[in-house]
Amino acid sequence: MKSKLVAALFCAVMLGACTSQPIYSVPEQPISTNVKNAGLKDVHLAIVRGATHLGWVLKEQGPNSVLATLDLRTHQAVVEIAYNTKTYSIAYKESSNLNYDGKSIHRNYNGWVHRLQDSINVELNNL
C-alpha cells in the first residue's frame with residue numbers, strides 16, 4: 001500500500017513538472033513599421049494597443065518602459081516592456097500561481113508572452 005502511495009505521489013509530481021518550461025523573454029525585438037521614422041510615441045501607442053487588445057493592463061514604469069499585468073482566473077503575470085525607436089524587450093517581472101522557480105514557469109505564461117509579442121508586432125506593422 002505504501003509503495004502505491006509513493007508511486008502515485010511521484011507520478012503527480014512528474015505530471016506537475018511537465019507543465020513548467022524555461023521562461024520565455026523577448027530581448028531587443030527589432031521594430032518593423034510601415035512608417036519611415038516612427039517615433040517613441042508611435043512605438044508606445046503600438047505597445048499599448050497590442051497589449052490591451054489581449055487584456056493586459058499597462059502602467060507607466062518610467063521613460064520608455066511600461067509594466068504590463070495579465071490577470072486570468074487565479075493567475076497573474078507581470079512583465080516589463082522596454083522600448084526605443086529601434087527595438088523593444090519583454091522581460092519577466094513577477095507572477096503568482098504560475099509555479100515560477102527562478103528558471104521555469106507554467107507553460108501558459110510563455111504562450112501569453114508569445115501572443116503579446118505577436119500582437120505588438122501586428123500593431124507596429126499597422127503604423
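Side chains included, hydrogens not; waters and symmetry mates left out as well; all remaining heavy atoms used. We number each residue from 1, following the sequence as shown. This one's a predicted model, so the numbers in the text were calculated from it and none came from an experiment.
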Here the salt bridge (Lys or Arg N to Asp or Glu O under 4.0 Å) pairs for residues 115-126, sequence neighbours left out, are none

Could you state whether I105 and L72 fall into the same hydrophobic cluster, counting links through intermediate Ile, Leu, Val, Met, Phe, Trp or Tyr residues with side-chain heavy atoms under 4.5 angstrom apart? yes

Side chain to side chain contact (heavy atoms under 4.5 Å, CB included), that's the test. Do N125 and S32 meet it? Break it down for me. CA-CA 6 Å; N125 284 324; S32 174; 3.5 Å; yes

With a 3.5 Å cut-off and sequence neighbours excluded, list the donor-acceptor pairs that the side chains of residues 35-50 form with protein atoms.
from	atom 1	to	atom 2	distance (Å)
D42	OD2	G39	N	2.9
H44	ND1	Y83	OH	2.9
H44	NE2	E60	OE2	3.3

Verify, without hydrogens or angle tests, whether N84 (side chain) and N64 (backbone) share a donor-acceptor contact under 3.5 angstrom. no

With rounding to the nearest 0.5 Å, note down the distance linking OG1 in T19 to CG in N99. 5.5 Å

Report the residues that fulfil side chain to side chain donor-acceptor pair (under 3.5 Å) with S65, sequence neighbours left out, ordered by chain and then residue number. E80

Same cluster or not: are L54 and Y109 linked, directly or through other Ile, Leu, Val, Met, Phe, Trp or Tyr residues, by side-chain heavy atoms under 4.5 angstrom apart? yes

Let me confirm one number: the OG-NE2 distance from S20 to H106, rounded to the nearest 0.5 Å. 7.0 Å

Rounded to the nearest 0.5 angstrom, the CD1-NE2 distance for I120 and H53 is 12.0 Å

Could you work out, with side-chain contact (heavy atoms from CB on, under 4.5 Å) as the rule, every residue matching A68, not counting sequence neighbours? W56, L58, V79, I81

Could you tell me whether H114 atom NE2 has more than 12 heavy atoms of other residues or ligands within 6.0 Å of it? yes

Taking side-chain contact (heavy atoms from CB on, under 4.5 Å) as the definition, give me every residue that meets it alongside H75, ordered by chain and number, with sequence neighbours left out. R73, N97, L98, W112

For atom CD of E28, decide whether the heavy atoms of other residues, nucleotides or ligands shown that lie under 6.0 angstrom number more than 12. no

Side chain to side chain contact (heavy atoms under 4.5 Å, CB included) between D101 and K103, intermediate numbers included: CA-CA 6 Å; D101 67 5; K103 293 181 182 179; 3.9 Å; yes

From S89 atom OG to Q117 atom CD, the distance as rounded to the nearest 0.5 Å: 10.0 Å

Ring centroid separation Y100 to Y92 under 6.0 Å: yes

Kindly write out the residues that satisfy side-chain contact (heavy atoms from CB on, under 4.5 Å) with V78, not counting sequence neighbours, or none if the list is empty. L67, T69, Q76, K93, E94

